[in-house]
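See structure below.
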2 protein chains.
Amino acid sequence: MMETGPDLRTAGQARPGCPVSQVKDKLRRAGLRPTRQRICLGWLLFGKGDRHITADTLFDEAQRARVPLTLATVYNTLKQFTDAGLLRQIAVEGRKAYFDTDVTDHHHFLVDGEGELIDAPHTSAPLTVTDLPAAPAGYEIKRVDVIIRLRRRSGAPRRISGAQAP
Amino acid sequence: MMETGPDLRTAGQARPGCPVSQVKDKLRRAGLRPTRQRICLGWLLFGKGDRHITADTLFDEAQRARVPLTLATVYNTLKQFTDAGLLRQIAVEGRKAYFDTDVTDHHHFLVDGEGELIDAPHTSAPLTVTDLPAAPAGYEIKRVDVIIRLRRRSGAPRRISGAQAP
DNA sequence: TTACGTGCAAATAATTTGCAGTCCC
DNA sequence: GGGACTGCAAATTATTTGCACGTAA
């Protein structure tokens, strides 16, 4: 499948109103200089709705979009975007780092065994956590991450593992 | 500080009633052959209450306890214990794998910036998660992991990040 | 005895870094 | 023009693996 968006190789040029310009604005607002590489990666990341990526997923996409950049730049850019608040790193065990373009509060499904990550819909009411333990003295709560682990198979009754009694 | 427990170098010998024998039983019940290395690591892991460790934390402890084993064995053993349900791997972002000797349902505080993990006390009522999104078709929920991210500093009012409005 | 475990060292995998050259403002 | 950014390759860090030897049952 070919990309249908603007030619990313010319992303450096000003084209007000086009998605590329929106990415440039987004970068500038985040305090990042809008270089060609950042614009391209930003376009890939933010131009398609919310998504989860790893460094080499994104690197592959960039290559398929014929954007010349290196894996090291992808790593650096992901970190810079994360520091700037444009991305959020998702806590999953395993060696790969996953990033989420959706930085609003929501949670994730993780399919057991393989690293398949699915956004938990925050279409419904935002998740509520009650009886949250108090933070230890000297600390404050910054964020609560929830990972809902899934097992393949179906048919079994849906239960909340965190609760002691059904 | 010196260890006050039994000499782990003789862990292979039967000594009914001593902690080492309890570890051997635990291993056997889990279907693992109680070898010297597993007994030593099991004793280090389970002999001191609930704790979080990484492969090289545990390796260090083993060395300090003058137990001769290799880092590779520590890795293998951690995986075997985890598969056997004696340990649980904690989902934290970052390259290191953390393991928890407490396999009951509970959650974790994670201090921002550094990999400091603290058990959330499950002394209070077990954490309740409401409005949990339904699992996608074909899947069932196996477990829900919650990581409560902390920021140093204090004084700020305790708030639940999952809530939408300030 | 014999299959299961372990030690060792080398292989992988993911990510980071140093430095020379390039590009944005 | 000057400092911020990138490319490249080599370095690090965390973990896994293959194979010869050791040991529990």
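Chain identifiers are assigned alphabetically (A, B, ...) following the order of the sequence lines, protein sequences preceding nucleic acid strands; residue numbering begins at 1 within each chain. Basis for what follows: all heavy atoms, side chains included, without hydrogens, waters or symmetry-related copies.
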ask   = Between D/dA4 and A/Thr35, is there an OP1 or OP2 to side-chain N/O distance shorter than 4.0 Å?
value = no
request  = Apply salt bridge (charged side-chain N to carboxylate O under 4.0 Å, His left out) to B/Arg51 and list each qualifying residue two or more places apart in sequence or on a separate chain.
outcome  = B/Glu61
ask   = How many Å lie between CG on A/Leu32 and P on C/dC23, as a whole number?
value = 19 Å
query = Given atom CZ of A/Arg38 and atom P of C/dC23, what is their separation to the nearest angstrom?
reply = 15 Å
Side-chain N,O (B/Arg36) to OP1/OP2 (C/dG5) below 4.0 Å = no
message = Rounded to whole Å, how long is the line connecting atom CG of B/Leu27 with atom C1' of D/dA24?
response = 13 Å
key: Sub-4.5 Å side-chain heavy-atom contact between A/Val67 and A/Leu41   = no
query = Do A/His106 and A/Asp50 come within less than 4.5 Å of each other through their side chains, counting heavy atoms only?
reply = no
key: Atom-pair distance (CG on B/Leu69; P on D/dG22), nearest Å   = 17 Å
All pairs passing side chain to side chain donor-acceptor pair (under 3.5 Å) where residues 80-95 of chain A contributes a residue, at least two apart = A/Arg38-A/Gln80, A/Glu93-A/Arg149
query = Can you tell me how far P of D/dC5 sits from CZ of A/Phe81, to the nearest Å?
reply = 11 Å
task = Please determine, by modelled atom types, if B/His52 and B/Asp119 share a side-chain donor-acceptor pair under 3.5 angstrom.
result = yes
Considering only nitrogen or oxygen atoms on both sides, find all protein atoms under 3.5 Å from nucleotides 14-16 of chain C and state each distance.
residue, atom, partner, partner atom, Å
C/dA14, O3', A/Arg95, O, 3.2
C/dT15, OP1, A/Arg95, O, 3.4
C/dT15, OP1, A/Ala97, N, 2.6
C/dT15, OP2, A/Tyr75, OH, 2.8
C/dT16, OP1, A/Lys79, NZ, 3.2

ask   = How far does CG of B/Asp145 sit from CG of A/Asp145, to the nearest 0.5 angstrom?
value = 11.0 Å
message = Rounded to whole Å, please give me the gap between CG in B/Asp83 and C1' in C/dG5.
response = 15 Å
inquiry  = If the cut-off is 4.0 Å, is B/Arg33 near the phosphate of C/dT6, judged by side-chain N/O to OP1 or OP2?
reply    = no
key: Atom-pair distance (CG on A/Leu41; P on D/dC5), nearest Å   = 14 Å
